[in-house]
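Encoded as structure tokens, the structure appears first; notes follow it.
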Number of protein chains: 2
Amino acid sequence: MSISNKISDSSVRRISIYLRILERMEKNGDETVSSEELSDHSGTTAAQVRKDLSSFGSFGKRGLGYGVSELALCIRKIIGVDRSWRVALVGVGRIGSALVDWGGFLDRGYDIVAILDVDPSKIGQKWSGLTVCDMDDFEDVVREQGVELIILAVPVEAVSDVVDRIADVGIRGILNFAPTTLRVPEGITVKDVNMVMELEALSFTLNQQKLKE
Amino acid sequence: MSISNKISDSSVRRISIYLRILERMEKNGDETVSSEELSDHSGTTAAQVRKDLSSFGSFGKRGLGYGVSELALCIRKIIGVDRSWRVALVGVGRIGSALVDWGGFLDRGYDIVAILDVDPSKIGQKWSGLTVCDMDDFEDVVREQGVELIILAVPVEAVSDVVDRIADVGIRGILNFAPTTLRVPEGITVKDVNMVMELEALSFTLNQQKLKE
DNA sequence: TTGTGTGAATCCCTTCACAGCG
DNA sequence: CGCTGTGAAGGGATTCACACAA
């Protein structure tokens with residue numbers, strides 16, 4: 001399971017999509033799948049699928065395709081979702097609380113084990129079984145709960161304070177919902193989720209179409 | 001305001017980021033900004049910023065930089081957020097309801113004017129001032145409310161039914177929260193938001209780092 | 001025969017470097 | 001002199017095409 005070349009970001013994202021398709025196929029009882037089928041369901045090309053998969057070994061059977069559950073297992077190991085991850089949510093404002101209520105992270109092995117905020121009116125309250133902790137105790141909570149990833153859902157103004165403390169306590173991954181670009185030290189990985197930006201990309205395209213008429 | 005070349009998807013995304021930076025600067029009372037400043041705050045390079053901006057005209061002043069509010073206005077027109085958009089939410093499940101409660105779309109000019117679902121127990125209920133409509137009345141609601149964009153937050157199994165009806169009623173933009181790849185007819189644009197996928201990309205990177213040790 | 005794995009070719013995006021304007 | 005605008009160069013990622021294994 002050693003990975004030969006550098007795997008690009010876009011490749012990882014596609015592999016994540018393949019995994020979802022494979023899981024649906026596993027439920028359906030399908031045993032093998034071809035690169036063309038996978039590309040059909042994921043909106044890419046068969047060649048792309050093969051390139052993506054070949055970057056971490058070759059276990060497709062020529063003339064046959066890939067073994068569905070075999071491939072799914074392998075992707076899970078690569079992505080690191082063959083185990084669960086311990087996640088803390090920082091910020092229980094509008095987005096933060098919505099994310100907790102949603103619950104979609106746990107389904108995929110991301111277990112929210114702590115919730116933190118600075119607002120005294122929120123500290124001590126319960127959110128889906130967890131008590132909101134004081135951000136003052138951040139470092140203790142992280143250590144006690146063995147937190148590995150942070151979901152950052154604080155206002156833009158508060159971002160830099162929190163990021164400094166995340167770095168100090170040794171956490172290396174942040175899922176950022178604040179609409180700003182995080183400055184993080186070397187070794188910390190950030191992924192941004194920006195729903196409004198996607199909407200803006202959408203209205204841009206529609207705008208262009210209208211101008212062409 | 002005519003756009004010369006094709007503008008790539010990634011370019012649009014960056015331009016959206018520039019706009020946010022510019023808006024913060026406008027509040028600060030800054031009058032001009034250089035490509036280097038913009039790149040600093042957005043995590044790109046100055047050359048990239050200039051390339052991005054040059055793709056829709058040249059209004060930077062050489063030796064000086066760009067006029068903050070002038071540039072912001074121009075970007076708003078390009079992206080189409082110089083006006084508001086009428087949006088319908090389809091699906092008031094876990095994600096859907098969280099999105100309505102969040103309210104972050106309205107702040108940026110995306111006005112949710114209708115909410116729809118198929119679940120009889122939800123139809124008729126109020127969500128932040130709006131009554132949940134029956135999906136049976138989808139076409140009527142879209143026409144009455146002048147819906148231009150759809151936020152799709154239904155389970156994977158329900159996706160294809162809804163997509164067909166979206167196409168028929170003439171809507172050309174979908175923001176998709178379902179973790180699946182939408183098959184849409186020519187002329188309809190889809191943007192996916194997949195928070196779990198971002199988390200998976202995060203744990204992939206962390207996993208790789210660990211393996212290297 | 002079918003469908004993978006992969007070098008080669010192609011395309012697109014980013015970076016460089018500098019001419020040109022304020 | 002400072003910073004934009006942009007052709008040219010460079011680097012990645014996608015696509016092509018085919019040898020090869022089941």
Side-chain angles (χ1 to χ4, degrees), chain A residues 1-18 21-22 25 30-68 70-72 74-75 78 181 201 204-205, chain B residues 1-18 21-22 25 30-68 70-72 74-75 78 181 201 204-205:
Chain A
M1 188 70 58
S2 75
I3 292 179
S4 49
N5 309 338
K6 290 273 137 61
I7 297 187
S8 74
D9 215 63
S10 43
S11 181
V12 174
R13 219 161 264 147
R14 283 192 301 266
I15 287 173
S16 183
I17 296 175
Y18 304 153
I21 298 169
L22 289 166
M25 287 181 158
D30 299 337
E31 298 203 344
T32 60
V33 62
S34 68
S35 57
E36 199 175 335
E37 275 179 276
L38 278 174
S39 71
D40 256 15
H41 289 85
S42 58
T44 30
T45 64
Q48 183 75 78
V49 172
R50 291 202 298 277
K51 259 270 149 71
D52 287 338
L53 297 182
S54 74
S55 59
F56 51 88
S58 61
F59 29 50
K61 292 164 196 73
R62 301 194 181 207
L64 252 172
Y66 303 87
V68 169
E70 192 186 353
L71 184 55
C74 179
I75 292 182
I78 294 286
T181 307
F204 167 79
T205 307
Chain B
M1 187 70 55
S2 75
I3 291 179
S4 48
N5 311 337
K6 291 273 137 62
I7 297 187
S8 74
D9 216 61
S10 44
S11 181
V12 174
R13 220 163 262 147
R14 284 191 302 266
I15 287 173
S16 181
I17 295 176
Y18 304 152
I21 298 168
L22 289 166
M25 288 182 158
D30 300 336
E31 298 203 342
T32 60
V33 61
S34 68
S35 57
E36 200 175 336
E37 276 179 276
L38 278 173
S39 71
D40 256 15
H41 289 85
S42 59
T44 30
T45 64
Q48 183 76 78
V49 172
R50 291 202 296 277
K51 259 271 148 70
D52 286 339
L53 297 182
S54 75
S55 59
F56 51 89
S58 60
F59 30 50
K61 291 162 198 75
R62 300 191 181 209
L64 251 172
Y66 302 86
V68 169
E70 192 186 354
L71 184 55
C74 181
I75 293 182
I78 294 288
T181 307
F204 167 80
T205 308

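In the text below, chain A, chain B and the rest are named by the order of the sequence lines, each starting its count at 1.
- In this model, the phosphate group of dT14(D) is approached by a side-chain N or O of Ser10(A) to a distance below 4.0 Å at OP1 or OP2.
- Listed by chain and number, the residues in a side chain to side chain donor-acceptor pair (under 3.5 Å) with Ser58(A) amount to none (sequence neighbours excluded).
- Taken to the nearest 0.5 Å, the CG atom of Asp30(B) stands 12.0 Å off from the CD1 atom of Ile21(B).
- A close approach under 4.0 Å does occur between a side-chain nitrogen or oxygen of Gln48(A) and OP1 or OP2 of dT15(D).
- To the nearest angstrom, C1' of dG12(D) lies 15 Å from CD1 of Ile7(A).
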Please list, pair by pair, any protein nitrogen or oxygen found under 3.5 Å from a nitrogen or oxygen in nucleotides 18-22 of chain D.
{"residue": "dC20(D)", "atom": "O2", "partner": "Arg62(A)", "partner atom": "NH1", "Å": "3.0"}
{"residue": "dA22(D)", "atom": "O4'", "partner": "Arg62(A)", "partner atom": "O", "Å": "3.3"}

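- Taking atom CD of Glu36(B) as the reference point, atom P of dG2(D) lies 12 Å away to the nearest angstrom.
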>> Between Ile15(B) and Ile78(B), is the side-chain contact (heavy atoms from CB on, under 4.5 Å) condition met? List the steps.
In response: CA-CA 10 Å; Ile15(B) 287 173; Ile78(B) 294 288; 5.5 Å; no
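- Remark: Ser34(A) engages no residue in a side chain to side chain donor-acceptor pair (under 3.5 Å) (not counting sequence neighbours).
- Counting only residues at least two apart or on different chains, the salt bridge (Lys or Arg N to Asp or Glu O under 4.0 Å) pairs with a member in residues 37-66 of chain B are Arg14(B)-Asp52(B), Lys61(B)-Glu70(B).
- Between the side chain of Lys51(A) and the base of dT15(D) there is at least one donor-acceptor pair of N/O atoms closer than 3.5 Å.
- The distance between atom CG of Leu38(B) and atom C1' of dT4(D), rounded to the nearest whole Å, is 13 Å.
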>> Run Leu71(B) and Tyr18(B) through side-chain contact (heavy atoms from CB on, under 4.5 Å) and show every step you take.
In response: CA-CA 9 Å; Leu71(B) 184 55; Tyr18(B) 304 152; over 6 Å; no
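- Projected onto DNA chain C by closest heavy-atom contact, Ala47(A) and Asp9(B) fall at different nucleotides, the more 5' of which corresponds to Ala47(A).
- When the local axes at the two ends of the helix from dT1(C)-dA22(D) to dG22(C)-dC1(D) are compared, using 5 base pairs at each end, they differ in direction by 10° after rounding to 10°.
- For Thr45(A), there are no side chain to side chain donor-acceptor pair (under 3.5 Å) partners at least two apart in sequence or on another chain.
- Rounding to the nearest 0.5 Å places CD of Gln48(A) at 7.0 Å from OG of Ser11(A).
- Here the straight-line distance linking atom CG of Leu53(A) with atom OH of Tyr66(A) works out to 4.5 Å at 0.5 Å rounding.
- Within 4.0 Å (heavy atoms only), Ser35(A) reaches sugar-phosphate atoms of the nucleic acid but no base atom.
- Between the CD atom of Glu31(B) and the P atom of dC3(D) there is a distance of 17 Å, given to the nearest Å.
- Scored by the side chain to side chain donor-acceptor pair (under 3.5 Å) test, Thr32(A) finds no partners at all (sequence neighbours excluded).
- When DNA chain C is scanned 5' to 3' for any atom under 4.0 Å from a heavy atom of chain A, the first and last hits are dT2(C) to dA8(C).
- By the side chain to side chain contact (heavy atoms under 4.5 Å, CB included) test, Ala201(A) is found to be paired with Val12(B), Lys191(B), residues two or more places apart in sequence or in another chain being considered.
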